[in-house]
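The structure under discussion appears below in the form of structure tokens.
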Amino acid sequence: MNINITFPDKSVKEYPLNISPLEIAESISSGLVRQVITAKINDKLVDLNNKIMEDASIELYKFDSKEGQEIYWHSTAHLLAQAVKELFPDIKVAIGPAIENGFYYDFDKEIPFTDDDLVKIEEKMKELSKQNLEYERKEISREDAIKIFSEIKEDYKVELLEEIPEGETISLYSQENFTDLCRGPHLPHTGKIKAIKLLKTSGAYWRGDEKNKMLQRIYGISFPSNKELKKYLHDLEEAKKRDHRKIGKELDLYSISDDIGAGLVLWHPNGGMMRSIIEDFWKEQHFKNGYQIVYSPHIGKSELWETSGHLEFFTENMYQPIAVDEQEYYLKPMNCPFHIKIYNSQKRSYRELPLRWAEMGTVYRYEKSGALHGLMRVRGFTQDDAHIICTPQQLDEEIEKVLIFSLEMLKAFGFKDFQIKLSTMPEKAVGKKEDWDKATESLRKALEKYEIKYRLDEGAGAFYGPKIDIDIKDALNRAWQCSTIQFDFNLPTRFNMTYIGADNNPHPPFMIHRALLGSIERFFGTLIEYHAGNFPLWLCPIQVKVIPISEHYEEYAEKVNNQLKENGIRSEVDHKNEKIGYKIREAEIQKIPYMFIVGEKEKDSQTVSVRRHLKGDLGSFKLDEIISKIQEEISEKI
RNA sequence: GCCGACAUGGCUCAACGGUAGAGCACUCGACUUGUAAUCGAGCGGUUGUGGGUUCGAUUCCUACUGUCGGCACCA
């Protein structure tokens, strides 16, 4: 008896009943047999030896697909666990999934793994992979599975099994004498795993809960060829060169000093210049978008933070109070209470709304030491904060406006690649359900109206309201939340905010917190990594370095420099008594976009020889000509 | 906060149970230079901080501080 197999291109071929995806691959090409990792039969991923018992659609996946990689890495995780169990029979295994880049496996081991252990484990994995051990699937009852894992004292597996709902298929995968609870599918055998690298170890809580035991995690990656592994490791090294902490030091942008305190940032003149440009642009854009600027102090009395609820809910993130005149003052962890106080300073009419109040507000939060990270996670930072206070009728329009504003802002700085998520009501929340629904709906509508791709994060909203967050990834692919648009159903009530409606009655307004860049510090960190320090011209602290060939041309160099300055271009003359090659090298390392080389020729013809960072010599230009070219580049923000 | 690793001049890094060395940077001198490092000399460190072991520690132990990689947190 035969069955019909439909391929992704809609072509249909006839095969004998009980044929496997691997056999189908064999019928196509030997190259495919070598490369195929998994198959989707009727939209379900299966092992390659899975028998097909009816007419079906098929899709074969190689390592170049997301599906293929996931299965490949997941199988490598099993191989890792097998190797670890062989070397350390007493440890217990927990879980080991594939992740975005590679895989990990968590183990319960009293003494953490050492670097030497890692080397040994990797060797063992390679040894096991050469043995072409088959990944065998077996479906069994829950009782039997619990029995099996209880006998071998794999408590974590038993715990997982006990939580699998009744009636669900339970499958085990074994290679040789190692058996793991797993949904699968897997590679046909370990021999498919050619190149393996264990990357790092770390502690990780069982089931991601701080209250649980800390397990030992091993991260790794694998590829079908050594060449791909090498490339991956090379790319990783390259990515590390874009680290804002490294570039921040090299370009003298900022520093963080132990003597001042962890997570407290010093902005050096170069970084300060960039920050000032960013802030000027920010302010200009806010005025254009109907915002008003407010300012508020860095500290406030304890009563304020009691009213706001921060002392109750946020206290472990706040610095200790300062006692003055029998009063306690706290450094502000947020700006909102101050903006609300401005609002409450007079009776508000619906005719005034919406109000959009923005502030570059510097806040202090006591972040846990382990959370600190360069500019990305600090203890003192300046939020580009704003609060929008409006009526329910104005909600949709305000959300749309702020969403578009925020995307335009990121685009102005060159960001094209970011992830947007919509977070909805968590289990513990304040405020009326109907307000939550209205607000969430408003956020969702705005995203959909502009066809913005987003991920729905159910239950991940703040306790006080739903939100849209925009994450930007750093050089090592770690996501950092920058923009955020959050509703607040907590503070307006706590501070009893109202406006007088057309009906002459007081009504509670809607309040939206939003930060477009997030914080200047974090945003600057992502900006550095995104551009690898090769900033768009308009942001560069020094745009042109005028480099005289020798001391004889310093006068002409100064003349050029002055003309650049008069035209609003940030320039400097290199007065060092060095050869031209040295000075160019230095300017290149400093990533200065334009170098004007001036010597005899240039002086005589009143020109400059232009070199562009990373591009090289552009030839000779009349000064006016290159100045207008640069001005154009600056105004276009490219 | 938790797990692990690490901490040497401004920077990058070396060395050692017997009180530290290189390159770059910086200063001075010579050279007067044509698109990624000219040569020479000099300056610069009580080896993160405190305690302990030792005849002697920067090296070994310990606590703290900080950094790095994860985990957790992220109003």
Side-chain angles (χ1 to χ4, degrees), chain A residues 104 106 109 111-115 117-118 199-219 240 243 245-246 249-250 252 255-263 308-310 312-318 333-337 363 365-374 376-377 383 460-465 467 469 476 478 480-481 484 486 488 490-491 513 515 518 522 547-554 576-590 595-602 609-620:
Chain A
Y104 69 77
D106 286 348
K109 180 174 185 290
I111 303 158
F113 293 106
T114 64
D115 287 351
D117 292 340
L118 236 54
L199 296 165
K200 59 199 175 196
T201 57
S202 96
Y205 300 106
W206 166 235
R207 306 196 126 184
D209 190 335
E210 210 175 2
K211 291 185 214 82
N212 290 341
K213 181 164 187 184
M214 183 161 262
L215 307 174
Q216 297 303 321
R217 175 172 297 179
I218 296 177
Y219 286 92
K240 282 182 188 160
D243 192 314
R245 293 165 298 188
K246 187 171 153 64
K249 200 179 281 177
E250 286 164 357
D252 197 17
S255 64
I256 295 172
S257 162
D258 193 11
D259 301 333
I260 296 166
S308 70
H310 284 90
E312 197 178 334
F313 299 110
F314 201 61
T315 179
E316 75 272 24
N317 280 293
M318 288 167 74
M334 291 182 203
N335 305 300
C336 355
V363 297
R365 297 183 188 173
Y366 190 80
E367 297 286 353
K368 287 180 183 170
S369 58
L372 298 174
H373 183 99
M376 303 300 200
R377 191 82 176 264
Q383 292 182 307
F463 79 82
Y464 51 77
K467 58 176 184 170
D469 291 325
L476 292 177
R478 296 171 291 208
W480 298 95
Q481 184 193 305
T484 187
Q486 319 188 336
D488 193 323
N490 180 43
L491 292 179
H513 307 263
R522 177 177 290 181
I547 304 175
I549 296 280
S550 80
E551 283 171 298
H552 303 307
Y553 312 106
E554 291 212 353
K576 275 216 179 72
N577 185 10
E578 288 288 353
K579 287 180 121 169
I580 187 76
Y582 179 94
K583 291 193 264 196
I584 283 171
R585 178 182 151 81
E586 204 164 58
E588 285 284 353
I589 288 170
Q590 287 299 304
M595 286 150 272
F596 286 4
I597 287 90
V598 294
E600 189 73 29
K601 249 183 354 208
E602 290 76 14
S609 183
V610 178
R611 182 187 166 100
R612 179 79 226 236
H613 173 55
L614 299 176
K615 283 197 187 134
D617 197 349
L618 300 185
S620 171

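Everything numeric here is computed off the predicted structure, so don't read it as measured data.
- In this structure, A:Ile597 places its CD1 atom 6 Å from C1' of B:U35, rounding to the nearest Å.
- Applying the 3.5 Å distance criterion, the base of B:C73 shares a donor-acceptor pair with the side chain of A:Arg377.
- Around CG of A:Asp115, the count of heavy atoms belonging to other residues, nucleotides or ligands within 6.0 Å does not exceed 12.
- Which of B:C3, B:G34, B:G66 sits closest to the side chain of A:Ile549 comes down to B:G34.
- In this structure, the nucleotide among B:G69, B:G1, B:G4 sitting nearest to the side chain of A:Pro112 is B:G4.
- Rounded to whole angstrom, the span from the NZ atom of A:Lys368 across to the P atom of B:C3 amounts to 13 Å.
- Atom NZ in A:Lys200 sits roughly 17 Å away from atom P in B:A5 (whole-Å rounding).
- Judged by distance alone, with hydrogens and angles left aside, the side-chain atoms of A:Arg217 form no donor-acceptor pair with the main-chain N or O of A:Ser202 at under 3.5 Å.
- A donor-acceptor contact closer than 3.5 angstrom links the side chains of A:Glu600 and A:Tyr553.
- Rounded to the nearest Å, the gap between the P atom of B:U67 and that of B:G48 is 16 Å.
- Contact between the side-chain N/O atoms of A:Lys249 and the OP1/OP2 oxygens of B:U12 is found at a separation under 4.0 Å.
- Under the 4.5 Å side-chain criterion, counting only non-hydrogen atoms from C-beta, A:Gln216 is not in contact with A:Thr201.
- The A:Tyr219 side chain lies nearest to B:C71 when the options are B:G1, B:C71, B:G66.
- Atom CZ of A:Phe113 and atom C1' of B:G69 are 16 Å apart (whole Å).
- Residue-level contact check: A:Glu586 touches neither bases nor backbone, having no heavy atom under 4.0 Å from any strand.
- The listed nucleotides are B:U67, B:U32, B:U65; the one nearest the side chain of A:Asp258 is B:U65.
- Distance, A:Leu372 CG to B:C74 C1': 12 Å, rounded to whole Å.
- To the nearest whole angstrom, the two P atoms, one in B:A37 and one in B:C43, are 29 Å apart.
- Checking the phosphate oxygens (OP1, OP2) of B:G1, a side-chain nitrogen or oxygen of A:Ser369 falls inside 4.0 Å.
- For RNA chain B, the stems formed by at least three consecutive Watson-Crick or G-U pairs, with both atom-pair distances below 3.5 Å, span B:1-7 with B:65-71, B:10-13 with B:21-24, B:26-30 with B:38-42, B:48-52 with B:60-64.
- No side-chain heavy atom of A:Phe596 sits less than 4.5 Å from a side-chain heavy atom of A:Ile547.
- Nucleotides B:C13 and B:U54 are separated by 30 Å at their C1' atoms, to the nearest Å.
- Taking every side-chain heavy atom of A:Arg585 into account, B:A36 is the closest of B:U38, B:A36, B:G34.
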Detail all sub-3.5 Å separations between protein N/O atoms and N/O atoms belonging to nucleotides 40-45 of chain B.
none

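- Within the 4.0 angstrom heavy-atom criterion, base atoms lie near A:Glu602.
- Residues A:Met376 and A:Arg478 have side chains not in contact (no heavy-atom distance under 4.5 Å, counting atoms from C-beta outward).
- To the nearest whole angstrom, the two C1' atoms, one in B:A20 and one in B:G9, are 11 Å apart.
- No donor-acceptor contact under 3.5 Å links the side chain of A:Tyr553 to the base of B:G34.
- In this structure, of B:U32, B:C71, B:C26, it is B:U32 that holds the atom nearest to the side chain of A:His552.
- In this structure, the nucleotide among B:C73, B:U67, B:U35 sitting nearest to the side chain of A:Ala262 is B:U67.
- Taking atom NZ on A:Lys576 and atom P on B:U32, their separation rounds to 21 Å, with Å as the unit.
- Spacing between atom CD1 of A:Ile260 and atom C1' of B:G48 amounts to 16 Å, rounded to whole angstrom units.
- With both ends at atom C1', the span from B:C26 to B:G10 equals 9 Å, rounded to whole Å.
- Checking B:C26, B:G34, B:U35 against the side-chain heavy atoms of A:Arg611 singles out B:U35 as nearest.
- Taking the P atoms as reference points, B:C64 lies 9 Å from B:C2, given to the whole Å.
- Looking at A:Arg207 and A:Asp209, no side-chain N of the basic residue comes within less than 4.0 Å of a carboxylate O on the acidic one, giving no salt bridge.
- Closest to the A:Glu210 side chain, of the nucleotides B:G1, B:G70, B:U35, is B:G1.
- Going from the C1' atom of B:U59 to that of B:U27 covers 33 Å, rounded to whole Å.
- If you take atom P in B:U33 and the same atom in B:G42, they sit 29 Å apart, rounded to whole Å.
- One interatomic measurement links the two molecules: CD of A:Glu316 to P of B:A72, which rounds to 17 Å at whole-angstrom precision.
- With salt bridges taken as basic N to acidic carboxylate O contacts below 4.0 Å, none links A:Arg522 and A:Glu367.
- With B:C71, B:U12, B:G1 as the choices, the nucleotide that has an atom nearest any side-chain atom of A:Arg217 turns out to be B:C71.
- Annotation: A:Leu614, atom CG; neighbour count of heavy atoms from other residues, nucleotides and ligands within 6.0 Å is above 12.
- Nucleic acid contact class of A:Asn577 (heavy atoms, under 4.0 Å, all strands): base.
- Residue contacts shown for A:Lys467 are limited to sugar-phosphate atoms, with no base heavy atom under 4.0 Å away.
- Residue A:Arg245 is classed as a sugar-phosphate contact, given heavy-atom separations below 4.0 Å to backbone atoms only.
- Distance NZ/A:Lys583 to CD/A:Glu588: 15.0 Å, rounded to 0.5 Å.
- Two residues are said to be in side-chain contact when any heavy atoms from C-beta on lie closer than 4.5 Å; A:Lys109 and A:Asp117 meet this criterion.
- Contact between the side-chain N/O atoms of A:Tyr366 and the OP1/OP2 oxygens of B:C73 is not found at any separation under 4.0 Å.
- Here the rule is side chain to side chain contact (heavy atoms under 4.5 Å, CB included) with A:Met334, and of A:His310, A:Met318, A:His513 only A:His310 fits it.
- In this structure, the separation between CH2 on A:Trp206 and NZ on A:Lys213 is 12.0 Å, given to the nearest 0.5 Å.
- Among the protein residues, A:Ala462 comes within range of no part of the nucleic acid, since none of its heavy atoms lies under 4.0 Å from any strand.
- Put simply, A:His373 has no side-chain N or O that comes within less than 4.0 Å of OP1 or OP2 on B:G70.
- The side chain of A:Arg478 places an N or O atom within less than 4.0 Å of a non-bridging phosphate oxygen (OP1 or OP2) of B:G70.
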